[in-house]
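Working notes, beginning with the structure itself.
Hydrogens, waters and symmetry mates are skipped; everything else that's a heavy atom, side chains included, is used. Chain letters run A, B, ... following the sequence lines, proteins first and then strands; every chain starts at 1.
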Amino acid sequence: MRANANTSVLLGGMCHGYRRWMTLFNTLSITLSVVLAVSVMAVSMGIRRYVDEIVRKKAAAGAVRVNRAGWRPVGWEAGFEENLRLADEQLRRRCRSDEYLGYNLWWRSESHYLMLEHPRERRGLGTFTRLGNTFVGDPEAKRVSEYCLAGSWISTDDADEIVLSSETARKLSRWLPSSDAVTDLVGRTVWLALPEAAQSPPAASARVKVAGVFDYLRDGACMAAPGVIQKMHARVLANANAMWDETYSRLGYVVAGFSSGSETNIFALFNELCSRPDSSYPLLCWRVRDCTSAWFAVKGVLTGSKGEVLSEEARSRVRGTEKELAGAEVLLAEAELALERADASQGAGVEMEQWLLAFEADAEQVFPKTITGDRNASEATPCLDVRGVCTPLCEDRQAQRMSLRRRVSGVWEARFGIARKGARKKQVSGQDGGLAPGTREERASASDEEWAQLLTNLQRQASQCIDAMQIDLSASSLTSRAAVDGFVAAVKSKTEIHKGVAQQEHEDAMTRRDQAAARVRSLARKKKEIAREIIAGTQWGFPTGVLCRVDVRLSGANTLCSFSAEARRDIPASDVSSLDEFNRLYPKGYVLCSPRIWDDLGFDAAAQRPTDSWRIDAIYAYLYFRDLPCAEKARGYLDGVGFQTHMPIDDFKGILSLVRVVIWGAQALFATIMFAGALGIAVTLYAEADAEAAEVGLLKALGASSRRVGGLFLLKGTVIGGIGVVVGVPLAMFVSKIVERTVAGAVVGVAGIEDVGGMSFAPGATAILAISAAVVALSSAAALFPAVLAARRDPQVALRDE
Amino acid sequence: MESPDVHGPEDWIYKLDNVSKEFWSGKRLVAKGCDQVCLRIVRGEFLAVTGESGSGKSTLLSLLGFLAAPRPCPQEGQFLFRVNGTTHDLRAALEEGIGSARMSRWRADHVGFVFQSYHLMNHLTAQANVELGARFASPDSRRGNTADALLAMLGMANFARKRTRDLSGGQKQRISVARALSKHPAIILADEPTGNLDIANKCLVLASLLIANAVYGATVVLVTHEIEHPALVASRSILMRDGRIVDDRQITPHVTAQESIDIRVLADRIAREGYPAVYAELKFE
């Protein structure tokens with residue numbers, strides 16, 4: 001109490017004599033500083049708040065526009081889903097087929113996205129931008145994607161090597177620890193292209209083998225890297241039919257993977273394919289972000305969990321199925337072979353019957369049935385050589401020859417017709433087409449020599465048939481009718497028996513083949529099911545689009561339509577445990593995480609608003625969704641908070657620029673003013689300490705300690721600052737109120753703003769307290785030097801100076 | 001440092017042996033304010049210190065008032081200050097590094113100053129100035145006289161509420177004496193208190209000091225260069241030259257010429273009848 005009284009008595013000197021003016025000027029200085037500082041701060045903050053309110057109101061009213069700049073969002077106006085469907089229909093029309101028999105370019109992205117685009121910036125990518133999604137419910141896309149995921153990756157078998165870019169190779173090398181097995185596994189060499197590999201062909205020194213990926217890809221793989229795409233494109237241009245047709249014939253689809261940086265190449269490829277009139281296969285483009293993702297896409301089949309190699313148990317399941325399948329396929333092949341052999345045997349029986357008809361015709365001439373055995377005795381004993389049917393035994397050789405020719409031709413004609421009905425019988429009948437020696441025209445125009453050759457062939461074929469029937473040819477020369485009849489009966493009997501056996505063999509072979517084919521089909525189905533099961537349990541290590549994100553970013557307009565406009569970090573939602581984590585990852589923009597977080601926190605809490613740290617060159621809206629429901633939900637949220645499709649970008653940009661300049665200026669002015677005020681206090685108190693040396697000396701003579709004298713001067717500075725705050729803050733509030741009214745009056749009616757509502761420029765209590773504390777602290781600090789000077793003053797000298 | 005009185009029967013308040021005060025500018029000795037001064041001041045004594053300008057009077061007064069510390073520290077000598085039966089050793093305090101704080105404390109509690117230039121707070125009233133003298137004293141030292149009583153005794157009761165800037169030199173000096181007396185000090189150090197005053201006010205101020213000495217029992221050290229003052233008021237006079245005490249003698253107070261004012265009678269009358277009555281009878285040439 002007494003100390004306070006002492007202090008007040010001593011501080012009273014500030015208000016007397018010339019010091020009263022010094023104190024007054026000091027107080028005025030600091031008061032003005034406070035007024036100016038608080039006013040400037042209030043105005044700048046108010047303008048900022050005001051602009052925010054403008055944007056909010058305009059957005060809520062749906063009044064924001066982009067017409068001036070020409071920016072317009074893709075896919076917003078007509079509805080997201082509808083746009084996708086329209087795009088799909090457009091694509092199908094372009095493919096000239098409603099049944100996916102024409103060109104079907106499926107752009108399967110892991111995500112759905114929408115972009116703001118500018119017509120001048122489309123650069124030919126607009127089509128892809130529009131067609132950039134297949135909706136999730138599309139059955140065809142689902143089937144194709146399942147097919148791909150099951151491991152049926154397409155191999156460009158005619159590629160003897162794949163050259164990857166250095167960047168791709170660098171990424172790939174992280175996942176390819178060994179370097180020996182890839183060539184064997186893939187069936188071709190994979191090269192990493194170092195910078196030296198830019199030359200074509202790549203220099204040997206630049207080739208580095210990588211390996212260790214494609215263990216279980218039975219059909220090979222097509223790595224999705226820009227370099228590969230380039231090469232594929234080149235191949236398409238050079239010899240498209242061979243590669244694509246071969247691939248399509250094997251798998252029914254042509255699958256090409258490509259990275260996000262290959263849109264241009266893919267687009268060119270697409271155009272190239274579209275320009276080919278005779279192609280009729282679907283083309284699936286599997287979009288991956290980069291080679292690492294591509295590898296993950298491959299690895300996803302192989303791994304049971306993220307980043308871990310497929311378990312041995314899963315491997316054994318796959319391997320077991322593959323072995324079973326291979327065994328079943330061998331059985332099938334064997335059954336097929338047996339069936340072929342049975343068919344051949346059956347065919348031989350038929351051949352023998354035909355031959356026997358011809359033989360009987362010949363024998364009828366040699367041993368007519370109407371002639372008895374007496375006739376034989378009066379003539380030369382005829383002899384029929386079984387192996388030489390139609391031997392020249394008759395005298396009228398020409399007539400005999402013509403007769404034989406007619407009959408044999410009739411038989412041949414019948415046989416030829418039979419043979420043409422089935423490729424199998426045709427094959428079975430012999431290397432030279434069986435008993436039909438040449439075509440009808442060839443036979444009709446044959447000369448004697450040719451005809452003789454034909455007969456010789458016929459005899460040889462007959463011998464072969466007889467051998468095949470295991471007919472006893474010990475009596476190869478028949479000399480009587482009875483012998484001929486006996487021979488014919490024996491041959492007929494043999495032939496009947498052979499035909500029966502062959503028929504039985506054929507039926508057995510058919511049964512075995514059907515059983516083997518069913519087994520193969522069953523095992524293939526089982527393998528696919530296992531693959532799907534593994535895939536279903538696979539947590540993909542690459543961004544499959546679990547993440548849902550809406551970025552409204554301010555970035556360069558030139559990069560608006562570029563896929564690589566800014567680094568887009570995509571992370572699985574499972575890696576993000578909280579909104580804070582998202583905010584850390586996405587410090588800018590409207591950041592929406594998963595719908596779960598939206599539901600938990602609400603959109604306003606989950607969305608981070610723009611800050612003044614944004615670049616304001618342009619507004620760039622990028623929406624990134626996993627699937628359609630997610631996108632629809634996001635759109636609903638966005639609509640709910642007033643983020644409409646028409647943003648007054650230009651006006652907004654101008655205002656934001658102005659606000660930023662004003663705030664910078666205000667901050668600089670604030671600092672300058674405060675510094676000037678503090679400097680004034682310091683100078684004045686220093687002068688006072690020097691001028692009032694005698695008083696300081698007196699105080700010390702009366703017993704005041706140095707600390708107390710110094711504290712007295714510090715208190716003076718603090719009091720001055722306090723007075724400045726007490727007087728200045730209300731004044732500043734008054735000034736800011738005037739500015740607020742002036743600005744509000746000037747802005748209402750501008751840019752569609754009709755009501756500023758409860759807008760206030762008055763700084764908040766926190767800001768006032770902060771500024772007051774800063775002022776007092778600054779003025780106290782300014783008094784520090786004079787206080788030290790007074791505390792150190794020698795009282796003896798001070799008293800003598802008087 | 002502080003010990004019961006063991007220095008003999010003589011009731012001294014200061015005991016200085018070989019105390020010097022040198023003024024240095026860097027490593028250069030500028031002057032010797034006091035040079036091996038040996039001095040013993042007895043309690044209740046009215047000591048007049050005379051000498052030419054620059055002889056070391058004010059320096060000695062600063063040492064006695066603890067405004068300055070001896071330099072060099074008296075290794076062979078001593079600087080003792082005894083008050084209320086307790087002896088304080090300045091040398092020991094300095095050696096302990098607490099000399100500055102102790103000097104401030106002793107100065108606040110036991111020493112009253114009367115300066116030639118008054119050194120009053122002009123923005124304060126006479127009463128506040130008087131009260132200021134005891135503001136820094138410890139509660140034990142603040143006893144006895146109120147400001148009003150002191151001012152009344154010194155004939156300044158009517159000016160208690162006036163600011164000192166409106167008063168004359170003599171009045172200011174009497175307020176200065178009252179301020180020195182406000183904490184009932186053991187010693188009053190007056191540095192040429194009459195230097196700026198006319199003869200009448202000189203008499204009044206000297207009478208005030210006499211009152212302080214006689215009535216309040218304060219030991220008074222009066223530094224003056226007026227040769228007649230010691231004879232008028234002091235009981236002892238020392239003469240300084242070149243920082244040394246060259247003459248130290250007891251004075252038998254005497255009342256001399258009729259034209260002179262008998263200060264002692266005056267002081268007696270002031271003490272007996274009050275200041276106004278005496279002041280009214282004073283005849284000033």
Side-chain angles (χ1 to χ4, degrees), chain A residues 1-24 26 685 688-713 715-716 719 788-802, chain B residues 21 23 33 58-63 65-69 71 98 100-125 127-139 141-142 163-165 176 179-180 182-183 185 189 191-192 196:
Chain A
M1 192 69 180
R2 185 174 177 82
N4 292 339
N6 289 342
T7 304
S8 62
V9 167
L10 295 174
L11 287 180
M14 296 167 60
C15 304
H16 292 88
Y18 72 95
R19 281 190 292 170
R20 115 178 64 180
W21 300 111
M22 294 172 70
T23 304
L24 180 62
N26 257 335
L685 287 182
E688 185 175 338
D690 192 57
E692 300 301 319
E695 190 169 308
V696 173
L698 172 66
L699 293 176
K700 288 197 167 185
L702 293 177
S705 64
S706 297
R707 181 178 299 178
R708 187 158 189 177
V709 171
L712 192 63
F713 273 80
L715 188 62
K716 286 182 181 178
V719 166
V788 171
L789 183 74
R792 290 183 177 179
R793 187 169 288 279
D794 186 352
Q796 188 184 7
V797 177
L799 292 170
R800 185 178 293 167
D801 284 346
E802 182 70 12
Chain B
K21 176 64 178 176
F23 296 97
S58 296
T59 303
L60 178 63
L61 199 70
S62 296
L63 289 173
F66 305 111
L67 288 174
R71 184 181 180 184
I98 55 173
S100 178
R102 285 299 162 88
M103 288 165 66
S104 292
R105 189 72 267 149
W106 295 338
R107 199 164 60 230
D109 290 344
H110 306 298
V111 181
F113 285 97
V114 179
F115 302 103
Q116 179 181 2
S117 301
Y118 325 127
H119 288 306
L120 298 174
M121 298 277 193
N122 288 329
H123 62 278
L124 299 179
T125 63
Q127 183 187 19
N129 266 291
V130 173
E131 289 172 346
L132 186 63
R135 284 195 183 275
F136 301 103
S138 58
S141 301
R142 269 187 255 120
R163 301 191 186 279
T164 55
R165 65 185 173 211
S176 180
R179 182 180 65 189
S182 64
K183 57 187 169 187
L189 302 175
D191 188 5
E192 301 188 27
N196 294 337

Within a strict 4.5 Å, meaning less than it, do heavy atoms of the R107(B) and K700(A) side chains meet? yes

Heavy-atom closest pair (A704(A) atom, F136(B) atom, distance to 0.1 Å) is CB-CE2, 3.6 Å

Measuring from L120(B):CG to E695(A):CD, what's the distance to the nearest 0.5 Å? 11.0 Å

Say you draw a straight line from CG of L698(A) to CZ of R179(B); how long is it, rounded to the nearest 0.5 Å? 5.0 Å

Would you check if M121(B) and L699(A) make a side-chain contact, meaning some heavy-atom pair closer than 4.5 Å? yes

d(L702(A) CG, S104(B) OG) to nearest 0.5 Å is 11.5 Å

